[in-house]
Amino acid sequence: MVKRLTIDDINVDDILTVTDVDYGFSPEIATTYHEFDGISGAIYQREKFKARKISIKYKMIGNLEQKKGLLQVILFKKGMRKIVFGDNEKVYYKGVVTGSPEFIKKTFSYAVGSFDFLCTDPFAYSIQEKQALLVNKTLVFENSGTTDVYPVFTIRAISSLKLFALSHPSGYAFQLGSENGDVFLNANDSMVIDMSRNAIFINGKRVFKPFNLSSEPICIKPGRTDLGISINNGASLPNVTATYREAYL
């Protein structure tokens, strides 16, 4: 039995008791492949996880009308919800109520019911954010999760920058500017690179110009990943931090 359920930081234990949670063995897996006329079989291209449905059963004891009203207010708020279950309070899910929630009155003071959350992002995320370790010109990530994560980089310039690049051990790089290009970040400017959104912000304003068209978003796979930092000649290494949340199936 899950002893605790929190929705958007609201503990619902005073309203209901969770009797069962079905996370499902896995989200649905969508596989993309290409078939050719006249040739048996197909060519594999890629796969991805789709949405996850989490089904919750509960019982309710006491003033049913009052508690039912409170539950409706919590459940039917629009938008994505942050959901934390008592069997693992170190992670949270992001989902919306879906389907037909049930409330079945058994006696004047006892009811049972169920509701489902649809998590379009099927992963559970660590509540505790982690930070990569900066060693000279290398960012060291230790991803203890079970799937890839996309970090957020914060850069504060010590001197003007024409080039800033992050090199992945698999061979690709995320590059802003070029050695012989224009300055895109001045001393004391702050830049945030959000890989999950493929977005860059300089001094709080979203920008698009510094992108190198051959760049790819940096992805951190489970285990250790070392990212090399490159800057233009003559520039001082900026202050760089990288934060991420581990994710689990």
Mark yes when over 12 heavy atoms from residues, nucleotides or ligands other than F108 sit less than 6.0 Å from its CZ; otherwise mark no.
no
Hey, quick one: are L16 and V84 part of the same hydrophobic cluster, counting side-chain heavy atoms closer than 4.5 Å, chains of contacts allowed?
no
Tell me if the centroids of the rings in Y244 and F141 come within less than 6.0 Å of each other.
yes
For T138 and N136, does a side-chain donor sit closer than 3.5 Å to a side-chain acceptor?
no
Let me confirm one number: the CD1-CZ distance from I54 to F117, rounded to the nearest 0.5 Å.
8.0 Å
Any chain of hydrophobic side-chain contacts (each under 4.5 Å) joining F123 to I218?
no
Looking only at heavy atoms, what is the nearest atom pair of A157 and P238, with distance?
CA-CB, 4.0 Å
Would a 4.5 Å heavy-atom cut-off, applied to side chains only, mark L134 and L139 as touching?
yes
Reported CG-to-CD1 distance for the pair D116 and I56, which is rounded to 0.5 angstrom
8.0 Å
At their closest point, which heavy atom of Y58 faces which heavy atom of S114, and how far apart are they?
CE2-N, 3.3 Å
Sub-3.5 Å donor-acceptor pair from the side chain of T146 to the main-chain atoms of L249, do we have one?
yes
Nearest 0.5 Å please: distance from the CG atom of L5 over to the CZ atom of F85.
5.5 Å
Do I229 and F153 come within less than 4.5 Å of each other through their side chains, counting heavy atoms only?
no
Just by distance, do the side chain of S159 and the backbone of A235 share a donor-acceptor pair under 3.5 Å?
no
Quick one: does F164's side chain get under 4.5 Å of S230's, heavy atoms only?
no
Where the side chain of K59 meets the backbone of Y110, is there a donor-acceptor pair that is under 3.5 Å apart?
no
Grouping I, L, V, M, F, W and Y whenever their side-chain heavy atoms are under 4.5 Å apart, do V112 and V97 come out in a common cluster?
no
Using the side-chain contact (heavy atoms from CB on, under 4.5 Å) rule, pick out the option among V192, D194, V207 that qualifies with I200.
V207
Could you give the distance from CG (D121) to CZ (R52), rounded to the nearest 0.5 Å?
10.0 Å
Smallest heavy-atom separation, L166 atom then M195 atom, equals CD1-CE, 4.3 Å
Rounded to the nearest 0.5 Å, the CD1 atom of I220 sits from the OG1 atom of T225 at a distance of 4.5 Å
Taking the inter-plane angle between the rings of H168 and Y172 on a 0 to 90° scale, is it parallel (under 30°), tilted (30 to 60°) or perpendicular (over 60°)?
parallel
Side-chain heavy atoms nearer than 4.5 Å, only ILVMFWY residues, links allowed to pass through others: does that put F201 and L185 together?
no
What I'd like to find out is whether the side chain of L71 reaches to under 4.5 Å of the side chain of F76, using heavy atoms alone.
no
Sort out for me which residue in K94, K90, E89 forms a side-chain contact (heavy atoms from CB on, under 4.5 Å) with Y92.
K94
Give me the atom names and distance for the closest heavy-atom approach of A30 to K50.
CB-CD, 3.5 Å
Which heavy-atom pair separates E129 from R245 by the least distance, and what is that distance?
N-NH1, 3.8 Å
Taking atom CZ of F103 as the centre, report whether more than 12 heavy atoms of other residues, nucleotides or ligands fall under 6.0 Å from it.
yes
Look at K82 together with D8 and state whether they make a salt bridge at an N to O cut-off of under 4.0 Å.
no
Step by step, would you call F36 with I43 a side-chain contact (heavy atoms from CB on, under 4.5 Å)?
CA-CA 8 Å; F36 296 90; I43 301 298; 3.4 Å; yes
Just do the side-chain contact (heavy atoms from CB on, under 4.5 Å) check on I74 and I15 with the steps written out, would you?
CA-CA 11 Å; I74 294 171; I15 302 173; 3.6 Å; yes
V91-V12 co-clustered via ILVMFWY side chain contacts under 4.5 Å:
no
Would you say the side chain of F184 lies within less than 4.5 Å of the side chain of M191, judging by non-hydrogen atoms?
yes
Can you give me the closest heavy-atom contact between V149 and A247, atom names plus distance?
CG1-N, 3.9 Å
Would you sort out whether K130 and S144 count as a side-chain contact (heavy atoms from CB on, under 4.5 Å), showing the intermediate values?
CA-CA 10 Å; K130 292 184 73 172; S144 301; 4.0 Å; yes
Would you say K67 has more than 12 foreign heavy atoms packed within less than 6.0 Å of its NZ?
yes
Please check this pair: side chain of E179 against backbone of G181, looking for a donor-acceptor N/O pair closer than 3.5 Å.
no
Answer yes or no: is there a donor N or O on one side and an acceptor on the other, between the side chain of N143 and the main chain of G223, under 3.5 Å?
no
Taking the side chain from R81 and the backbone from L75, do they hold a donor-acceptor pair closer than 3.5 Å?
yes
Just so I know, are the side chains of K162 and N180 near enough to count as touching, which here means a heavy-atom distance under 4.5 Å?
no
One should read off an interatomic distance between N88 CG and S126 OG, to the nearest 0.5 angstrom, of 9.0 Å
